[in-house]
Amino acid sequence: MFHPPISIHRQNSDLYAVPAIHFSHIFAAEVNRICFHPATQPDAIAVELGPQTAIAVRNRIRELETGAANRFPVMFGLIKRNRMIRASFKEKAFRLQRKTGKDLSELPPEILYRELGFTDHSILYLSPVDSIIEAIRCSIQLGVPLYGVDLEEMANGLYKPAVIQDPQSMHNGMAAYLKTNAALADATRDPEIDLRRETAMTARIRTLMRQYSKVLFTCGMAHWQKISQMFEDDCIKPAPVFEEQNMDPADFKKTIIHPSIAVQYMDLFPALAEVYEERRIPVPDISKEWTKSLRSRELFRRILKKAFKHHFDKPLDTLPGKRTCDLEAFPGFEAYLHGMQQLAHRAVPDLSMVIQAAKETMSEAFVNALTETFMKYPWVRPEAHPDCPVLMPPADEIEDLDCATLVDSGLPSSKRIYLQSIPDFRPSSKNKRIVYKWDATVTTNSSWYRYTWRPWEYLISSMTFQAIQAARKKQPARKTIVFEGNLLDGIDMKSTLRDFSRGKNRFFVRDRIFKETPLSIRSMDGFPVVWILSPEKHDAADWKVLIEPLDYIKKHVRNAEEFQTIRKTKGDCMVASIGYGYSQTINHKAIHGCYYGVDHYHGIAIFQPIFWTNRQFAQWAEMTRYNRNPIYGYEGGDLFSAGRLKKWCEKKHGIALAEHDWPTGLALMVLPFCRECLTVVMPESCRLEPIVFERARRDGVRVATHRLEMFSPRQIERLAMCQMVPAISVEPETKYETSVERAIGESQTQNRELVPMEWLTFGANR
């Protein structure tokens, strides 16, 4: 039986709405159904996301579904940094700062979360059973425009719990279900936050309905009653919508989600998401017939039976004394679970309820069997995506479901972060997170981090020494000569007076010459150095950043007050080098973690020798007063992204990289950090744009260019390939496993003899 969708008709346009309970396959199926039938197939799709966020999600889903084996990979997420706190907490925020004597940015995330309800990150879970994700997938498959009509940024909402009819028991269609439950859902709203959002969504949808004859819109059910009322209010005028070509996607970080976290966003239990994906119809596939919703209750009983069998089929000696107890307790378990269902008005229990009931009535062995059976799912494996960090439950098993740790090469594994779901969703059962032992390769020690391979560090530092030495051979110096008719740079009064005092009536003038001068790291004049290895245009290339986190040098600095000032005013990340190229991941079973990365560079900028220890980096940073390296802040988990670097360059130094070819852009990025000379090593055929020399003259910096051909092709080829490998220790210096040496075919100490001893021992007496 075909139940007509919820719709609003205005002039010549129809709005088909799916007010949803997030992460429920029933509402995702309704979106799919509307997109499947020709009579309701939309010309445009709008979702409850910000405009930039919607485009970022669509781009990521398009990547994931390309070449996928008939299954949407589960689960990935997109994380970005939060900035906003509720306006009603303004006075409380001021009091907190006065009381602690610190800025909000300096306070631990635990305090901000507890006192101000502030989560430092937002995350969007790419769950196939969410109506928004389904709508975005349909927009891709139908080839229709996608619009995010919500606000791009907002503070965390404070949402009240409400008991809403279980959608699993829906029989008379979506409109009848909404009529019964819309008022209940509306009671969960946060007027302080949601009213602005709903006004924006209504105004933008009005605009879309003027442009398209059929528009599909999905949002949380809590918003729909207010939005539908606003449609009757002519005071709310159409608002501009953002076209994709005029917009940069939001700066999200791609992340893999640990199953213990992901399960909260996969409907009642993971099997529902799996079966939904198997039965989902890619639109517009008219060769298939659209099917009804899944029978969740039958699926639940089938999995429970498997768990029961899995537990009781084990050999007798593995469950001494527990088998009989569990058999006797099983009716009590079912009765307890049924009671929990009735209290929550659930037709089918979710996994949190099931495990909670089992913990109260059954043995630990049964709970483990139950968890293992219900959590069985083809989860995304971190080892298959080594470039993605993993969002994991905290190691200390903190009870708050909003807390997690991000295991990444740029963040310490013990660092806790607090997360707000986009769209905001609170699991129905606010119990402890489900404990699930994942057999994936996720390591939280230093071997998960990747560092530049030491022989490459030695090589680029030694070649940079040669380039600086070549530049310094032509350092300007003054020479005094006898006046012969040309004043040159003016009279040298000291030499002239000295000769006159001795009875020699000669005039002396100053002349400027260039002469060789010895190189000393303490002069600080040699860096940065720019390497242009392959100046052609490279479509697949982008910017890469290697950093020295200030946290690493914190314990080695002498002036703690200056260090804290730098962190507060500039940021936490000191850039050691900037590269232009592309990255490659190489699987190798000899290495712990089974992979290492390779950055293939077309160009590199190096700001100091990069083989140094953290102690040496601290010496360099203090000696240069933190002025010879770019330093910027951590945002959105994105320490190394091209987008972050581009924004920083434009905001801090007015350099729009898109306006120049990449060799010129690389030179412009490092120019503000030069003291006297910018050394550029490039092929003879390469030419920098005039703006480099104009800015150098303005800043009083000399540009010294040298031919790349002064180095051998073998050296250049090796310089262009930088391995990123796991390390077993970083203090007092970075060390690697011997398996890395075998995989790459180089000793850890190779090329060390090429580096000047003065650089190797820099800071040794500190």
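Because only heavy atoms are used, hydrogens play no part in the values below, and waters and symmetry mates are left out as well, while side chains stay in. On a predicted model such as this, the values are computed, not experimentally measured, just so you know.
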Passing candidate, side chain to side chain donor-acceptor pair (under 3.5 Å) with H25, options N32, D267, D130: D267
Separation of L299 CG from L272 CG (nearest 0.5 Å): 5.5 Å
Whether Y265 and F23 hold their rings parallel, tilted or perpendicular, with breakpoints at 30° and 60°: perpendicular
Any donor-acceptor pair under 3.5 Å from D186 side chain to A182 backbone: no
Heavy-atom donor-acceptor pair, R206 side chain to K237 backbone, under 3.5 Å: no
Considering all heavy atoms, the nearest S139-R58 contact: OG-CD, 4.0 Å
Donor-acceptor contact present, side-chain Q341 to main-chain A347, <3.5 Å: yes
Point-to-point distance, once rounded to the nearest 0.5 Å, from CE of M266 to OG of S127: 6.0 Å
Residue pair L268, M353: steps toward the side-chain contact (heavy atoms from CB on, under 4.5 Å) verdict: CA-CA 10 Å; L268 302 177; M353 286 184 186; over 6 Å; no
Side-chain heavy atoms of R204 within contact of P51, under 4.5 Å: yes
E48-T218 side chain donor-acceptor pair, cut-off 3.5 Å: no
Residue pair M375 / W438, side-chain heavy-atom distance below 4.5 Å: no
Sole candidate of L126, V57, I45 that passes side-chain contact (heavy atoms from CB on, under 4.5 Å) when paired with I136: V57
Euclidean distance, I79 CD1 relative to K253 NZ, rounded to 0.5 Å: 9.0 Å
Exam field: side chain H9 to backbone Q11, donor-acceptor pair closer than 3.5 Å: yes
Close side-chain approach of T53 and E152, heavy atoms under 4.5 Å: yes
Pair Y276, E134: side-chain N/O donor-acceptor within cut-off below 3.5 Å: yes
Side-chain heavy-atom pair Y377, P259 within 4.5 angstrom cut-off: no
Any donor-acceptor pair under 3.5 Å from E192 side chain to R86 backbone: no
N12 CG: over 12 foreign heavy atoms closer than 6.0 Å: no
Check: N156/T119 side-chain N/O donor and acceptor closer than 3.5 Å: yes
Crowding at OH, Y582 (>12 non-hydrogen neighbours, <6.0 Å): no
E198 and its side chain to side chain donor-acceptor pair (under 3.5 Å) partner, picked from Q225, K226, H223: H223
Audit row: N82, S122, side chain to side chain donor-acceptor pair (under 3.5 Å) steps and yes/no: CA-CA 6 Å; N82 280 345; S122 291; 2.3 Å; yes
Ring geometry between W543 and W662 (parallel below 30°, tilted from 30 to 60°, perpendicular above 60°): perpendicular
Least distance between heavy atoms, A271 atom then I303 atom: CB-CD1, 3.2 Å
Y177 side chain near I21 side chain, heavy-atom distance below 4.5 Å: yes
Nearest-0.5 Å distance that lies between atom CD1 in I133 and atom NE2 in H22: 10.5 Å
P128 versus V74, closest heavy-atom pair with distance: CD-CG2, 3.6 Å
Closest non-hydrogen atom pair, T373 against A307: OG1-CA, 3.5 Å
Audit row: V390, T255, side-chain contact (heavy atoms from CB on, under 4.5 Å) steps and yes/no: CA-CA 6 Å; V390 182; T255 310; 5.8 Å; no
Rounded distance (nearest 0.5 Å) linking atom CE of M84 with atom CG of L151: 8.5 Å
Inter-residue atom distance S13.OG - D43.CG, 0.5 Å rounding: 8.0 Å
Sidechain-backbone polar pair: R346 side chain, A344 backbone, donor-acceptor under 3.5 Å: yes
Pairing of R280 and E277 as salt bridge, 4.0 angstrom limit: no
Minimum heavy-atom distance between I434 and T371, given as atom pair plus value: CG2-CG2, 4.1 Å
Evaluation steps, side-chain contact (heavy atoms from CB on, under 4.5 Å), between I193 and R197: CA-CA 7 Å; I193 303 298; R197 298 176 56 199; 4.0 Å; yes
Side chain S7, main chain Y16, donor-acceptor under 3.5 Å: no
L304 side chain near E334 side chain, heavy-atom distance below 4.5 Å: yes
R60 to F252 six-membered ring, cation-pi geometry met (6.0 Å, 45°): no
Non-hydrogen side-chain atoms of T405 and I417 separated by less than 4.5 Å: no
Within-4.5 Å side-chain heavy-atom neighbours: P5 and E30: yes
Plane angle bin for F374 and F300 - parallel if under 30°, tilted between 30 and 60°, otherwise perpendicular: tilted
Charged N-O contact under 4.0 Å between R10 and E232: yes
K214-T40 side chain donor-acceptor pair, cut-off 3.5 Å: no
CZ (R297) with more than 12 external heavy atoms under 6.0 Å: no
Worked verdict on F217 versus I227 for side-chain contact (heavy atoms from CB on, under 4.5 Å): CA-CA 11 Å; F217 171 56; I227 290 175; 4.1 Å; yes
H258 (side chain) donor-acceptor with S260 (main chain) under 3.5 angstrom: yes
For the student: nearest non-hydrogen atoms of P42 and L142, plus distance: CD-CD1, 4.1 Å
Q165 and T180: side chain donor to acceptor below 3.5 Å: no
Mutual orientation of the aromatic rings belonging to F76 and H385 [parallel < 30°, tilted 30-60°, perpendicular > 60°]: perpendicular
